[in-house]
Amino acid sequence: MAKEKPQIHNKRRNKIRLHHEGKHTLLYTGLLGALIIGLAWLSRGTLAWGSYIIISGVLVVYGILLNFFRCPVRMFNGPTTKTVVAPADGHVVVIEEVDEEEYFHDKRLMVSIFMSLTNVHANWIPCEGTVVKVDHHNGNFMKAYLPKASTENERSMVVIRTPHGDEIMARQIAGAVARRIVTYPKVGEECYIDDHMGFIKFGSRVDVYLPIGTEVLVKMNQATVGNETVIARLN
């Protein structure tokens, strides 16, 4: 049964907030940054331009962190039946048939979205249905855009069975910098487009595995907006 979506005023829809996964990082980094800025300011008489360079550097780094942990309010506008939306901001780096051996053990159509450090790193549920599998695998931290990162890097999978019986897997993959994957869904829960699936800290990618024959609506290198860009329609 489709979830009733609350009506969101345009001002709220475009609101940018900070994700709760970043609260401790931002707090402790902010305190450390304030200490460094304070010491640099007190030393400006002897360090001269060096103090201003240090202060500017701290502010730039903290600005990057604020940008990384931003979490825009987004509600999908459109039919959700048989719709698969992008689970993440980024660019499409893979569209191909692959042998998926961890859960399906057959051929699937994979659409992979790579997130750079400048992208929003919140992840959204790609389709509505029931969560039938959630699993986490420890692994390596090679560059996320490499093909073997899907099976060798640290990763977390969520498998959703749609009301029409299709099963869709979304796999969060850590990258060379990422060191923490957060996944929210639990087995047995109903999930919907607009729900948050999780968060990956500091660069990564999300793979979506679809049934063979699914109509893919994105192209290679296309930019995606999480919870807005429709990447596929299920048959």
Side-chain angles (χ1 to χ4, degrees), residues 11-74 86-91 113-125 134-146 149 152-158 170-186 189 194-207 224-227:
K11 288 184 178 179
R12 184 181 167 194
R13 184 187 300 276
N14 297 325
K15 177 183 176 182
I16 300 295
R17 59 187 175 183
L18 293 177
H19 201 285
H20 63 85
E21 294 293 345
K23 62 182 180 182
H24 291 118
T25 300
L26 292 172
L27 173 61
Y28 299 139
T29 305
L31 292 174
L32 177 60
L35 176 62
I36 294 173
I37 288 174
L39 292 174
W41 181 256
L42 292 174
S43 304
R44 68 188 186 282
T46 54
L47 293 178
W49 284 106
S51 296
Y52 296 106
I53 293 173
I54 291 172
I55 292 171
S56 298
V58 170
L59 292 176
V60 168
V61 170
Y62 198 71
I64 292 172
L65 284 176
L66 287 172
N67 180 71
F68 178 84
F69 283 111
R70 71 194 190 281
C71 183
V73 176
R74 294 175 184 164
D89 288 16
H91 286 81
I113 298 171
F114 177 74
M115 295 175 283
S116 71
L117 285 173
T118 60
N119 288 127
V120 170
H121 272 59
N123 300 151
W124 283 266
I125 292 289
V134 179
D135 201 7
H136 181 90
H137 295 271
N138 294 323
N140 299 321
F141 294 95
M142 65 182 68
K143 293 178 180 179
Y145 58 78
L146 296 174
E152 295 187 16
N153 274 21
E154 181 167 345
R155 59 203 180 277
S156 182
M157 73 161 73
V158 176
R171 178 181 283 154
Q172 300 167 285
I173 302 169
V177 181
R179 285 298 182 271
R180 189 181 178 208
I181 298 174
V182 182
T183 307
Y184 302 139
K186 306 295 181 185
E189 290 182 346
D194 294 338
D195 291 345
H196 277 267
M197 182 173 71
F199 196 93
I200 312 178
K201 294 188 177 182
F202 303 114
S204 43
R205 81 188 227 197
V206 179
D207 295 342
T224 61
V225 179
N227 203 54

So Val134 and Glu189, side chain to side chain contact (heavy atoms under 4.5 Å, CB included) or not? Walk me through it. CA-CA 11 Å; Val134 179; Glu189 290 182 346; over 6 Å; no
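- Heavy-atom minimum distance, Pro185 versus Met197: CD-O, 3.2 Å.
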CA sep, side-chain torsions, deciding dist, call: Ser56, Leu59, side chain to side chain contact (heavy atoms under 4.5 Å, CB included): CA-CA 5 Å; Ser56 298; Leu59 292 176; 5.8 Å; no
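- Interatomic distance, Leu32 CG to Ile37 CD1, rounded to the nearest 0.5 Å: 10.0 Å.
- Every residue was checked against the side-chain hydrogen bond (donor to acceptor under 3.5 Å, both in side chains) condition with Thr29, not counting sequence neighbours, and none meets it.
- Qualifying side-chain hydrogen bond (donor to acceptor under 3.5 Å, both in side chains) partners for Thr183, counting only residues two or more places apart in sequence or in other chains: Ser156, Gln172.
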Does Asp207 form a side chain to side chain contact (heavy atoms under 4.5 Å, CB included) with Arg155? I'd like the steps, not just the answer. CA-CA 10 Å; Asp207 295 342; Arg155 59 203 180 277; over 6 Å; no
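- In this structure, OG1 in Thr224 is found 9.0 Å from CE in Met115, a value given to the nearest 0.5 Å.
- Here Met157 contributes atom CE and Ile181 contributes atom CD1; the two are 11.5 Å apart, rounded to the nearest 0.5 Å.
- Considering every non-hydrogen atom in both Ile113 and Pro87, the closest pair reads CD1-CD, 3.8 Å.
- Side-chain N or O atoms of Ser51 include one that pairs as donor or acceptor with a backbone N or O of Ala40 at under 3.5 Å.
- Closest approach of Asp135 and His137 over heavy atoms only: OD2-NE2, 3.2 Å.
- Remark: Phe114 CZ to His91 NE2 distance equals 10.5 Å, nearest 0.5 Å.
- Remark: Val61 pairs with no residue by the side chain to side chain contact (heavy atoms under 4.5 Å, CB included) rule, at least two apart or across chains.
- Ring geometry for Trp41 against Tyr52 counts as perpendicular: the plane angle is over 60°, on a 0 to 90° scale with 30° as the lower cut.
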Verdict with reasoning, Leu35 to Leu39, per side chain to side chain contact (heavy atoms under 4.5 Å, CB included): CA-CA 6 Å; Leu35 176 62; Leu39 292 174; 4.3 Å; yes
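- Distance check, rounded to the nearest 0.5 Å: NE2 of His196 to CH2 of Trp124 gives 5.5 Å.
- A distance of 9.0 Å separates CZ of Arg171 from CZ of Arg205, quoted to the nearest 0.5 Å.
- Between Asp89 and Arg70 no salt bridge is recorded (no basic side-chain N to carboxylate O distance below 4.0 Å).
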